[in-house]
2 protein chains.
Amino acid sequence: MPTIRDVAKRASVGIATVSRVLNNSTSVSKETRQAVLAAIEELDFTPNPIARQLSTGRTLTVGVILPFLTMPSYVERLRGVQHALAETEYHMVLFSVGSPSERDAYFKDLPRNNLVDGILIISLPPNDAQAERLALAEIPTVLIDAYHSRLSCILTDDVKGGMLATQHLIDLGHRKIGFLSDLLETPFHPSARFRYQGYRKALEDSGIPFDPAYHISGERGRENAAKMARHLLALDNPPTAIFAGNDIQAIGVLDAAKEAGVKVPDELSVIGFDGVRDSEYTHLTTIDQHLFQSGVRGVQMLIETLESNSPSPQHQRLPLDLIRRVTTQVFQE
Amino acid sequence: MPTIRDVAKRASVGIATVSRVLNNSTSVSKETRQAVLAAIEELDFTPNPIARQLSTGRTLTVGVILPFLTMPSYVERLRGVQHALAETEYHMVLFSVGSPSERDAYFKDLPRNNLVDGILIISLPPNDAQAERLALAEIPTVLIDAYHSRLSCILTDDVKGGMLATQHLIDLGHRKIGFLSDLLETPFHPSARFRYQGYRKALEDSGIPFDPAYHISGERGRENAAKMARHLLALDNPPTAIFAGNDIQAIGVLDAAKEAGVKVPDELSVIGFDGVRDSEYTHLTTIDQHLFQSGVRGVQMLIETLESNSPSPQHQRLPLDLIRRVTTQVFQE
DNA sequence: GCTAGGATTGGAACCGGTTCCAGATAATGA
DNA sequence: TCATTATCTGGAACCGGTTCCAATCCTAGC
C-alpha cells in the first residue's frame, strides 16, 4: 500500500504538499497539483483514514445505540438515520442493546473512547447520572425518542398522542374504549405508560369514567396482543373501540376480532400508534409519529452540533398526525 | 484525555511497560503491573482505539454491505450478524446500498481504504470483475446469500428450495400450482429466478406440464402480491395451490384469498419462502432458509478467515427446511 | 535596484498507541 | 565466585496522515 511519502517522492514534492492537494486546502500551484495528482493516479494511492483520524482527531463516524431491531419501529427510525447519514461524510457504527447492562456499558464507554465523533441513542432513555456523563463528555449526543433535559432530543409527545388517539374514538361516539399495550413498567422505553396517561387524560377531559376492566397490558408482540384483545372482547360488556399501544399490537387486535367474528370497523373500532409500514398494509387507523423523520432529524441535530459545537441542548418535538384509514368508524348502537 | 505517556509518568515506568500491561503481553512483574493499573485507575485512562488501530493495522471492525433493510429477510440476516459479532471484539459498520451504483462504489472502495478488517456482503452478488478485486484485496470478504466461486460464501440453494416447496404441494396432491414472485430479472439478488427454476424442475420431475398462465411476477411487496394473486384466482381454471417467492408475498396471497372468499387451506394451499417472523404469526407453511443463522455463519466464517488468514474461499450451504403450518393441505376435489 | 509582502513549498513535530532491540537486573549453574 | 541465561524494563522508531513554521521564490511598489 503506497503512502503519502511514496506519492511525495514520486511527484518530487514534500509530503505537506501532497497533503494539501488531498485536502485541497491552502494554495498549491497548478503545476504542482497536477504532478501530485498524477503520482496519486499512478500509484493508485488512497489515504489511510485511520492515520487521518489520529492526526485530525475526527473519526467521521457516528455511533448509533439502539435496542437492536426488535421492533419494526426501531428499524424505521434506523432507516431514517441511515438515509440522513448517507448525505454526509459520516459512517454509522451500530451498537445493539439487548439488556439493561449492555445499555449501561455503551452509555459509559462509548463517549470516552474516541471511536466516534457523535452518538445517537434511539429509544433508550438514560438516567440522570448517565445523562450527566453524556452531557459532560466531549462527544455530543442526541437522543431520539427519549427525553432528558441535559441532552439534545428528538421527541414524541406520547401523552398527547395517546390523547389524540383516544379523542378520535370519543369523537366517533365511542364511550367504551379499551386500552391495550406493553407492560407499563419496563427497563427500556416507557412509551406505553405515556400513551396510557394520554388515554386516561382524554377520557377524563370528556367526562368518561375510566373502567379498569378496559385496560390490559402484557408482553409485546402481535400474538400476545391478540390474546389480550380476546380477553377484552370476551367481557360481558365489551369495549366498542380499542386503542392499541402500537401498530403491531393493533394488528393483533384485528386478528383477534376476525377470529371472534367481530367486524371491524362495524362492531369494533381499532386504532394503533406509530405509523409503521404494516399499518399501511392493514389499512389501520393510527397515530403517525413520523418514525423515519425522527431518524433524519436526529442526524441533522447531531451534525449541526458537531459542526457548530454549540453546547446547549436542543429539544425538538415531532408532530403527531392522525391517519384515518378503515379500522375506525362512528359508533352505531 | 490522559495518554499512555501520562500513565507511564505517573507510575514511574516506561511507556512500553504500560502498553504491556494494557495488552497483558509478555512478562511484567507483579509490582510493576500493580503500579501501572493504579495509575490507570487514578487517571481514568482509556487507550485510544484509533492510535491502536494505526500501529497494529487492525481496526477490529467489520463492514457490512446490504440492501438497506428494505425487506424483513435482510433485517433477519443482519440480526444474525449482529448477534454473532457481539460475541467477538469486532464492531459493525453498516453500509447501505440503495442503487446499483452505490453498491459498485462500496465494492470498489471498501476493500482499499483500511477502514475495516473484513467485509460481509449480504444478498448482493458481485460480478466477476468485482469478485476478482475482492478476492485479491488484503481484506477478506464473505458473501451471505450470494455466490461467487472466487469468494467465501454462505449459500442458500434457492433452486432446491423452490423444488422443495413445489414438491410439498405436489405431494399433497396438487396439480394446478401457481408461482408468484418478484421480477425474475433484477439488478440485485436473483433469488426469485432460482426459486422459479426449482418450481419448474419439480413440476417437470413429476411430469406435470407447466402452464404459463400459472406463473406471474411483478414488483415486490405484500400489496402487489395480493394483486397478482387476485389475477391467478380469477382465472377460469384457477390454481389449487400457490407457491409465493417469499413469505411477504405469501401473506399477500392470503390477503387476496380472504378477500375473494377463497378458503385457505381448504380451497387453496399457500406456501411461502424464507421463514421470517411474519410467517410464524400468519401460520404460513414455508421453506425456512435459516436467515438468522446465515448471518451467524457469515460472521463465523469471516472471523475464522481473519484469524487464520487462509486464502482459499470456502463455500457453506445452509439447510432448507419445510415448516408445515396451516396454509397447506391435501388437495380435495 | 532594493525591499516588503504574498504565494508556494518542505521539514519536522505531532496524534497515541505498539513493538523491536538493547540494557539492566536477578537467578541459575558450574 | 564468576559466567550465563532468563526476566524485566525503557528508549526510540514506527504506523500514515496533518499542520505549524520557517524558508524560498516571485512580483509589485517606491
Side-chain angles (χ1 to χ4, degrees), chain A residues 1-40 43-61 89 91 109 112-117 138-139, chain B residues 1-40 43-61 89 91 109 112-117 138-139:
Chain A
M1 275 275 161
T3 73
I4 198 171
R5 279 157 239 267
D6 299 325
V7 175
K9 205 174 294 169
R10 175 127 194 165
S12 309
V13 299
I15 53 169
T17 301
V18 177
S19 178
R20 285 188 197 101
V21 172
L22 287 175
N23 300 286
N24 45 339
S25 61
T26 52
S27 44
V28 177
S29 75
K30 201 168 290 182
E31 305 80 45
T32 311
R33 156 165 278 114
Q34 286 308 322
V36 171
L37 289 176
I40 289 175
L43 294 173
D44 192 23
F45 165 79
T46 315
N48 181 327
I50 304 296
R52 182 173 277 175
Q53 286 171 29
L54 182 59
S55 67
T56 59
R58 301 179 66 199
T59 62
L60 293 185
T61 297
E89 50 183 353
H91 293 303
D109 296 337
R112 309 186 63 240
N113 64 29
N114 311 59
L115 212 49
V116 299
D117 290 344
E138 311 206 352
I139 300 175
Chain B
M1 275 276 164
T3 73
I4 199 171
R5 280 156 238 267
D6 299 325
V7 175
K9 205 173 294 171
R10 176 129 193 162
S12 310
V13 300
I15 53 168
T17 302
V18 178
S19 178
R20 284 187 197 103
V21 172
L22 288 174
N23 301 286
N24 45 339
S25 62
T26 53
S27 47
V28 177
S29 75
K30 201 169 289 181
E31 304 80 49
T32 311
R33 157 166 278 113
Q34 286 307 322
V36 171
L37 289 176
I40 289 175
L43 294 173
D44 192 24
F45 165 78
T46 316
N48 181 326
I50 305 296
R52 183 173 276 173
Q53 286 171 28
L54 181 58
S55 67
T56 60
R58 301 178 67 200
T59 62
L60 293 184
T61 297
E89 50 183 354
H91 293 302
D109 296 336
R112 310 188 61 240
N113 65 27
N114 311 60
L115 212 51
V116 299
D117 289 346
E138 314 207 350
I139 300 176

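Throughout, a chain's letter reflects where its sequence line sits, starting with A, and its residues are numbered from 1.
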Between A:L54 and B:Q53, is a side chain to side chain contact (heavy atoms under 4.5 Å, CB included) present by the stated rule, with each step listed? CA-CA 9 Å; A:L54 182 59; B:Q53 286 171 28; over 6 Å; no
Verify side chain to side chain contact (heavy atoms under 4.5 Å, CB included) between A:F45 and A:L22, making sure each step is shown before the conclusion.
CA-CA 11 Å; A:F45 165 79; A:L22 287 175; 3.8 Å; yes
Give the C-alpha distance, both sets of side-chain angles, the deciding distance and a yes or no for side chain to side chain contact (heavy atoms under 4.5 Å, CB included) between B:E138 and B:N114. CA-CA 10 Å; B:E138 314 207 350; B:N114 311 60; over 6 Å; no
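Between A:Q53 atom CD and D:dT18 atom C1' there is a gap of 13 Å when expressed in whole angstrom units. Straight-line distance from the CG atom of B:N24 to the C1' atom of D:dC8: 16 Å, rounded to whole Å. Taking atom NZ on B:K9 and atom P on D:dT9, their separation rounds to 20 Å, with Å as the unit.
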Which atom pairs, donor and acceptor, lie under 3.5 Å between side-chain atoms of residues 5-21 of chain A and protein residues at least two apart or in another chain?
residue : atom : partner : partner atom : Å
A:D6    : OD2  : A:T3    : N            : 2.8
A:R10   : NE   : A:E42   : OE1          : 2.6
A:R10   : NH2  : A:E42   : OE1          : 2.7
A:S19   : OG   : A:N23   : ND2          : 3.4

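When the side-chain contact (heavy atoms from CB on, under 4.5 Å) test is applied to A:R58, the partners found at least two apart in sequence or on another chain are A:T56, A:L60, A:E89, A:Y90, A:D117. For B:N48, there are no side chain to side chain donor-acceptor pair (under 3.5 Å) partners two or more places apart in sequence or in a different chain. Not a single salt bridge (Lys or Arg N to Asp or Glu O under 4.0 Å) links B:E31 to another residue, sequence neighbours left out.
Contact check for A:H91 versus B:L115: side-chain heavy atoms found under the 4.5 Å cut-off.
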Going 5' to 3' through nucleotides 7-16 of chain C and flagging B where a protein heavy-atom sits under 4.0 Å of the base, S where only the sugar-phosphate is that close, and - otherwise, we get SBBBBB--BB
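Note on the helix from C:dG1-D:dC30 to C:dA30-D:dT1: terminal axis deviation equals 50°, with five pairs used at each end and the result rounded to 10°.
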